[in-house]
Amino acid sequence: MANIWVYIDQFKGAALAASWEALGAAKKLAGELGGGTVTALVFGQSVAGAAAEAFTYGADAATVCDDATLADFRVRPYAALVVKLYREAAVKPDVILGPATARGRDALGMAAVLLKTSAMADGTAVAVKDGAVQVTHPAYAGRLLSTLESKAKPQVITLRPRAFARPEPVAGASGPAANATPALTEDEIHTKVIGYAIDEGKVSLADAKIIVSGGRGVGGPDGFAPVRELAQTLGAAVGASRAAVDAGWIPYAFQVGQTGRTVSPDLYVAAGISGAIQHQAGMRTAKTIVAINKDAEAPIFKLARYGIVGDLFKILPALNAEFKKRLGK
Amino acid sequence: MHVIVCIKQTPDTAARVDVKDGHVTWGDAALVVNPWDEYAIEEAIRLKEKHGGKVTAISMGPESAKEALKTCLAMGCDEAILLSDPAFKGSDATATASVLAAAIGKLGTADMAIVGKQAIDGDTGLTAIAVAALLGWSPLTFVSKIAELDPAARSLQVERLQEEGKQVCAARLPAVLSVVKDINEPRYPSFMGIRKAAKAVIPQWAAADLGMDPATVGAAGSTVKWPAIYPPPALEANVEMLDGTPEEIASKLADRLMANKVI
Ligand SMILES: Cc1cc2nc3c(=O)[nH]c(=O)nc-3n(C[C@H](O)[C@H](O)[C@H](O)COP(=O)(O)OP(=O)(O)OC[C@H]3O[C@@H](n4cnc5c(N)ncnc54)[C@H](O)[C@@H]3O)c2cc1C
Ligand SMILES: Nc1ncnc2c1ncn2[C@@H]1O[C@H](COP(=O)(O)O)[C@@H](O)[C@H]1O
C-alpha cells in the first residue's frame, strides 16, 4: 500500500499537460506498490476546473487550496503548503510526485528541503524496488543515466515533461475534494509578482508534441520564416539552435539544448542544424527526428529517423505545401 | 553589495563521458567552470561594478576545483574559497546546499548568492532553491534579468523564465538567484586577471571550519543515493534517407509520418 500525492502545476488556472503525465505515473506506481490513494494537490486561484479535471485523469482524491495568495506562483507559499498538508495529514503520503516544470521543480525542491530530504529531480523513468520508488535521471546532458534512490519518507520526485504517457481522460470521473487553507498569509510572503511577459498564442516548447527548429543554416532572422510556416501548419512550436540564438536571430526562450530547453516531442524537425553534442542534449529523446541539412555528413543524421540532404529553403516550403494539403488546411 | 557566487567544476561539455567500474570518466578532457556558472560570475561582477562591494566565489569540491576558482578570480571575483573535506563526498542536493549555506553564513556579510541554473554533470538544478530554503533568503530561480536593484532599500526586481514566458517579480534582499544564459554575455578573463589569479592563495574550509558535524554532510548526511550510473542504450542508427525533388521528398515524408501516426 502506498499513498501518493501529485502536485498539479497550473498557470492561470489551466493545468499543464505534464501534471497529468505525473498523475498517470503515480497511478501506475500506486498499483505496483500494492494499491493506495493518489491525491492531486491543486493550489492556485480559480482552480476548481483544474481540480475537476484531475479526476478525469485518474486522481482518486484532491486537496484544493483556492486562495488569492496563490494566484501567481511563488515558491514559498506553495512549498509551505505542501509541508503543512504533510504535517497535518492523518495518513501521510509515501511519495510526492510532480512535473519537473520550472514551478514543479521549485515547489517540490523546497518542500523536500523543509521535510529534511532532497528531491529526486527530473526523472525520465520510475520503478519500484524494495517497496520504494527508484528514479532514472539523465546526467551529463543525457550521455549517462543515473539511478536515484531515497530512503526518506516521503520520497519527493519530479518527472520530466513528456517522458511519461499522458493518461486518457475519463469524462465524468469525479471523487472527493478536500479544501485546504494556505500556510502563509500575504504579509508573510516577501516576493510579489508584478506581471508577465508572455508570448501569446504560441505553442510552448516545453510541452509541444511537434517542434520545428532552425539553426545557423537558416542564415538570418528572416530565415526563420519557412520554419515558422511549417510549424504553424503542423501546430508545432518553433525551436532553435544556440548558433541561431547567439546570432540574435531569435530569442533565447526558443533555444533547445544543454544551455537551453530540454524537449521530448513526438516529432522534432531540425532544419539547418548540425547536431552538436550540446544541441543533442536537449532533443535526443524526441520520438521521431527529421533532419534537413545540405551536408550529408552532419552528425544530426546519426540521430534522425528520416534524413533529407538538401537546401532547407527548398525543402521546408515543399513540406509545408504537402502537409497543408494532407491536413486539409 | 557583497555577492557570493557558487560554482562547480565540471568536465567540458564536449567531453566524451563514460563509466568505468561505476565511476564516471572523461578521458583527458579539460575540467572547466560549469558553463551555467559563467553567467552567475558575470552577473555578480556586473553588480559589483555598478553598486560597489565585492564578489566571493565559493565551490564545494576536490582540491582540483581550485583551478575553477582561479578562473573566477581571473574574470574579476575578489576572493575565492574552496570548501573541501573528504566528509563532503557523496552529498546530495540538500547536503551540498547545507555546506554552501554554512559557508555563506560564515562569510556573514553577503547580500546575495548567485548560482547557475544547473550543473551539467548532475543536471539536478536544486541548489538555488535548497540554499534559499536553508538560509531563509528570497528564492529567485531561472532569472533572465535583474531589472532593478536598490541595495539601500534592500529590494530588487527580476524577470524569471517559466514555461509560458517571463514572470516579473519584486523581492527583498538577501536573495538567492539562479541565472539562465539569457542574462548576460560572460567576459573572458583578462591578462591581468589571469596573472593575479595564478598567484592567488585560495583558502580551504573543511567541515570543522564551518562548524558542521561530518555526520550531517556527504553520503552520511544525504537521503538520496545514486547506486548506479551507466551509458544509455546506444541509439540504433536507423536513418532512412529520403531523396528526389523537394515535392517527392515531402510526399515521402508525409506518407511515413502519417503511416506511423506521428502526425
Ligand atoms: C557550453 C556550451 C553549451 C552549449 N549549449 C548549446 C545549446 O543549448 N543548444 C545548442 O543548439 N547548441 C549549444 N552549444 C553550441 C553547439 O556546440 C553548436 O555550436 C551549435 O549547436 C551549432 O548550431 P547549429 O547546428 O545551428 O550551427 P552549425 O553547427 O554551424 O550548423 C549549421 C548547419 O546548417 C547546415 N546548413 C547551412 N545552410 C543550409 C541550408 N540552406 N539548408 C540546409 N542546411 C544548411 C550546415 O550544413 C550545418 O550542418 C553549446 C556549446 C557550448 C560550448
Ligand atoms: N559543489 C558545489 N559547489 C558550489 N556550487 C555548486 C555546487 N554544486 C552546485 N553548485 C551551484 O548550483 C548550481 C546548480 O547546481 P545543481 O543544483 O547541482 O544542478 C550550479 O550551477 C552551481 O552554481
Side-chain angles (χ1 to χ4, degrees), chain A residues 11 16 75 101-103 105-106 109-110 113-114 117-122 138-141 143-152 190-199 204 206 234 252-253 258-259 266-267 277-278 288 290 301-308 314-315 318-319 322-323 326, chain B residues 13-14 17 19 24 35-36 92-94 120-126 129-130 133-134 138-139 141-142 157 161-172 181-182 222-232 235 237-242 246-247 249-251 253-254 256-258 262-263:
Chain A
F11 183 70
L16 275 73
V75 59
T101 52
R103 290 175 291 261
R105 276 169 177 262
D106 274 6
M110 181 173 274
V113 176
L114 300 175
T117 173
S118 282
M120 295 190 276
D122 203 25
Y140 293 86
R143 282 171 288 168
L144 297 178
L145 297 176
S146 58
T147 305
L148 304 180
E149 278 177 2
S150 158
K151 297 270 174 292
H190 301 316
T191 302
K192 308 289 168 197
V193 174
I194 292 166
Y196 295 91
I198 308 270
D199 301 321
S204 138
L234 296 176
Y252 168 66
Q258 186 159 27
T259 46
D266 293 338
L267 174 62
I277 188 93
Q278 296 93 350
T288 301
V290 174
F301 289 120
K302 295 218 167 64
L303 224 59
R305 177 69 190 85
Y306 301 107
I308 301 168
K314 300 211 172 76
I315 304 294
L319 289 177
E322 183 68 26
F323 282 110
R326 302 257 186 143
Chain B
T13 52
V17 290
V19 180
V24 180
W36 289 102
D92 67 8
T94 304
I120 61 153
D121 48 3
D123 282 338
T124 312
L126 286 171
I129 209 73
L134 293 170
S138 300
T141 50
F142 311 111
Q157 190 170 314
L161 274 190
Q162 296 195 339
E163 273 69 17
E164 300 77 14
K166 286 175 182 165
Q167 183 194 55
V168 186
C169 57
R172 288 195 197 160
K181 173 176 168 282
D182 218 10
S222 297
T223 53
V224 173
K225 315 274 179 222
W226 40 100
I229 184 153
Y230 52 95
L235 290 172
N238 64 344
V239 62
E240 182 187 351
M241 302 304 287
L242 307 177
E247 291 68 32
I249 290 172
S251 164
L253 183 65
R256 284 158 180 74
L257 294 181
M258 295 179 99
V262 179
I263 286 176

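Scope of the values below: all heavy atoms of this structure, side chains included, with no hydrogens, waters or symmetry mates. We name chains A, B, ... by the order of the sequence lines, and we start the count at 1 in each one. What you are looking at is a predicted structure, and each value in this text was computed from that prediction instead of being measured.
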Between A:Thr101 and B:Glu163, is a side-chain hydrogen bond (donor to acceptor under 3.5 Å, both in side chains) present by the stated rule, with each step listed?
CA-CA 7 Å; A:Thr101 52; B:Glu163 273 69 17; 4.7 Å; no
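For a residue to count as touching a neighbouring chain, one of its non-hydrogen atoms must lie under 4.5 Å from one of that chain's; by this rule B:Leu126 touches chain A with the side chain only. Contacts between A:Tyr306 and chain B at a heavy-atom distance below 4.5 Å involve backbone atoms as well as side-chain atoms. Looking at B:Phe142, the atoms closer than 4.5 Å to chain A (heavy atoms on both sides) all sit in the side chain, from C-beta outward. Contacts between A:Gln278 and chain B at a heavy-atom distance below 4.5 Å involve the side chain alone, from C-beta outward.
Annotation: side chain of A:Glu322 is not in contact with side chain of B:Pro246 (no heavy-atom distance under 4.5 Å). Using a 4.5 Å heavy-atom cutoff, the side chains of B:Gln162 and A:Asp106 are not in contact. Looking at A:Arg105 and B:Ile129, their side chains never come closer than 4.5 Å, going by heavy atoms from C-beta outward. Side-chain atoms of A:Leu234 and B:Ile263, non-hydrogen and from C-beta on, do get closer than 4.5 Å to each other. Contact of the B:Trp36 side chain with the A:Thr259 side chain is registered, since non-hydrogen atoms from C-beta on lie closer than 4.5 Å. Between B:Asp123 and A:Asp122, the closest side-chain pair of non-hydrogen atoms is not below 4.5 Å.
Ranked by non-hydrogen atom pairs under 4.5 Å with chain B, the options A:Tyr140, A:Phe11, A:Tyr196 are led by A:Tyr140. Comparing A:Ile308, A:Val290, A:Ile277 by heavy-atom pairs within less than 4.5 Å of chain B, the highest count is held by A:Ile308. When the candidates B:Met258, B:Lys181, B:Lys225 are compared by the number of heavy-atom contacts under 4.5 Å with chain A, B:Lys181 comes out ahead. Each of B:Ile249, B:Thr94, B:Leu134 has some count of heavy-atom pairs under 4.5 Å with chain A, and the biggest count is that of B:Thr94. In terms of heavy-atom pairs under 4.5 Å with chain A, the best-connected choice from B:Pro232, B:Pro231, B:Ala93, B:Ala171 is B:Pro232. Comparing A:Gly109, A:Ala152, A:Gly195, A:Ala121 by how many heavy-atom pairs each has under 4.5 Å with chain B, the most go to A:Gly195. Between chain A and the options B:Asp121, B:Leu242, B:Asp92, heavy-atom pairs under 4.5 Å are most frequent for B:Asp121. Listed options A:Met120, A:Met110, A:Arg326 were ranked by heavy-atom pairs under 4.5 angstrom with chain B; first place goes to A:Arg326. Residue with the most contacts toward chain A among B:Val19, B:Leu161, B:Val24: B:Val24 (heavy-atom pairs, distance under 4.5 Å).
Checked by atom type and distance alone, the side chain of A:Asp266 never pairs as donor or acceptor with a backbone atom of B:Val262 at under 3.5 Å. Side-chain atoms of A:Arg305 come within 3.5 Å of backbone N or O of B:Asn238 as a donor-acceptor pair.
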